[in-house]
Structure formats: structure tokens, C-alpha cells
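Report on the following structure.
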Amino acid sequence: MTNSMNLGDLANLGQIIGALAVVVSLFYVAHQIRQNTNAVRSATAQAVHEHFASWYHLLAADAELSQVVVNGLRDYASLSERDKARFIATFMAFLSYSQNAFLKWCEGMLEPPLWMGWELLIMNLVSSAGGKGFWKERGYLFGEEFRRHVENDLMKRTPHPDAKPMGAFSIGPRAE
């Protein structure tokens, strides 16, 4: 019996080592992809929150615009031409951010608990009398999937009894 390895044995050993290296590499790549996915989800959540925060900051910095938005959410049809233009620009920004958040949630890039908070806010605003009027006039501007979600889900839900768009007026069923 001889202990020496021939060329065939060395080739087989090389194949085994190569196969193990491939398996280790695959685990490493899977780990890197998982880390990258988590980083992308985190960045997506941050971007969504920054968009909504910038919208709120816009309103907080301009008392007149805030009042236009409250008036528009209450009664869109009663706005003057100037106020309607301001409301449309402001609410289009909000709903564009909302559509982006919705699409990110659909893609699995926004965690469900984060989406749920924004979804309830969207529901409160589009379920107000003025939100419905705005949507009827301008809903066609949004993607089909988002439109279906707003029209077939959000606008059909019963708002929470404490729902108050912009904190100004109640839209929920009155608690007795």
C-alpha cells in the first residue's frame, strides 16, 4: 500500500476544494445581498418619511397655505380659483408622495407597519369631502394600481371615529 497521491488524486482533491470554495462564496454573496436589501429598505423608508415631512413642513411654514388645504379638504368646490390652484399643487405633491410610498410597499421595500401609518393618513385625506372632490377631478393622473387601491379600498373604508384631516374637522362616524 502506498501513501503517495497520483495526479488523478490531486485533481479530485482540487475539485473538492473548489466546490467547497464555491459553496462558501455563495453563502457570502447571500449574506451581502441580505445586507444590501436591508440597507435599500432602510433608505427607502427614510426617503418616504422625508417626502411626507417636507410636505408637512411646507404647510407648517405657511399659515395661509395651511388654511387653503383645510378649506380644500372641507369643500374643494368652494375654493376660489387662486386657492384651488394652490390646493391642487399642494395635494398633488402629497398624493405623488403617497403613490411612491404605495409602490415601494407593493415592491416589499417599505415595511407594512410603516406603510400602514401613511395609508391611514392618505385614507383620511382622500375620504374627506374635499379629498373626494379632488380625486374625482384629478384621480386619473395617478397610476392604475394606486387608483384602484384608493378607489376600491381606502375610499370605501369607514374612517376611525377620531379621524380629522389636518386635525381640523371630523370625518369619522361620531362616537356616542
Side-chain angles (χ1 to χ4, degrees), residues 23 25-62 65-66 68-74 76 86-176:
V23 170
S25 294
L26 289 175
F27 279 113
Y28 177 75
V29 168
H31 176 71
Q32 292 296 322
I33 289 172
R34 192 172 304 118
Q35 281 185 326
N36 185 51
T37 300
N38 289 338
V40 169
R41 280 192 183 124
S42 178
T44 298
Q46 185 64 35
V48 165
H49 289 298
E50 285 176 5
H51 286 143
F52 284 116
S54 70
W55 187 77
Y56 273 110
H57 286 215
L58 173 74
L59 294 178
D62 187 338
L65 180 60
S66 292
V68 166
V69 169
V70 168
N71 293 344
L73 289 171
R74 235 189 220 123
Y76 177 70
R86 292 187 82 194
F87 180 81
I88 289 170
T90 305
F91 208 50
M92 282 297 295
F94 172 78
L95 288 172
S96 294
Y97 297 150
S98 299
Q99 179 174 241
N100 180 54
F102 171 76
L103 294 173
K104 297 302 180 198
W105 173 68
C106 289
E107 293 168 357
M109 299 309 294
L110 192 61
E111 293 296 323
L114 295 174
W115 165 246
M116 186 183 71
W118 294 119
E119 183 181 52
L120 292 173
L121 174 64
I122 297 162
M123 182 189 77
N124 287 346
L125 298 185
V126 298
S127 294
S128 68
K132 288 176 183 175
F134 173 90
W135 189 262
K136 184 177 180 185
E137 186 179 289
R138 301 214 176 268
Y140 74 92
L141 295 169
F142 296 92
E144 183 178 336
E145 193 173 4
F146 182 64
R147 277 196 328 267
R148 274 197 317 265
H149 184 67
V150 169
E151 294 166 3
N152 299 332
D153 184 359
L154 299 183
M155 290 179 134
K156 291 185 178 179
R157 290 185 196 176
T158 301
H160 188 277
D162 297 327
K164 291 183 177 182
M166 305 306 293
F169 55 94
S170 181
I171 62 166
R174 301 273 160 116
E176 296 179 22

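Because the structure is a prediction, the values reported are computed rather than measured.
Glu151 CD to Glu144 CD: the interatomic distance, rounded to the nearest 0.5 Å, is 10.0 Å. Atoms CG and NE2, from Leu110 and His49 in turn, are 6.5 Å apart once rounded to the nearest 0.5 Å. The OH atom of Tyr97 sits 11.0 Å away from atom CD of Glu50, with the distance rounded to the nearest 0.5 Å. Residue Leu95 holds its CG atom at 5.5 Å from CZ of Phe146, rounded to the nearest 0.5 Å.
Residues Ile171 and Asn124 approach most closely at CD1-O, 3.2 Å, considering heavy atoms. Minimum heavy-atom separation, Arg74 to Ala129: O-CB, 3.4 Å. Here the shortest heavy-atom pairing between Lys156 and Asn152 reads CD-O, 3.8 Å. Taking each heavy atom of Ala163 and Pro159 in turn, the nearest pair found is CB-CB, 4.0 Å. When all heavy atoms are compared, the tightest approach of Tyr76 to Phe134 is CD2-N, 3.7 Å. Listed here is the closest heavy atom pair of Trp55 and Ala93: CD1-CB, 4.2 Å.
Residues His149 and Glu119 are in side-chain contact: their nearest non-hydrogen atoms beyond the backbone lie under 4.5 Å apart. Using a 4.5 Å heavy-atom threshold, the side chains of Val150 and Gln99 count as separate. Residues Val68 and Asp62 form no side-chain contact, since every pair of their non-hydrogen atoms from C-beta on lies 4.5 Å or further apart. Considering only heavy atoms from C-beta on, Met166 comes within 4.5 Å of Leu73 through its side chain.
Of the residues Trp135, Phe91, Phe94, Phe102, the one that meets the ring-ring contact (aromatic ring centres under 6.0 Å, His included) test with Phe142 is Trp135.
Between the side chain of Ser98 and the main chain of Ile122, no donor-acceptor pair closer than 3.5 Å is present. At distances below 3.5 Å, at least one donor-acceptor pair connects side-chain atoms of Ser66 with backbone N or O atoms of Leu59.
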field: Pair Ile88-Arg138, side chain to side chain contact (heavy atoms under 4.5 Å, CB included): steps then yes or no
entry: CA-CA 9 Å; Ile88 289 170; Arg138 301 214 176 268; 3.1 Å; yes
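Within the 6.0 Å centre-distance limit, the rings of Trp118 and Phe52 are counted as a close aromatic pair.
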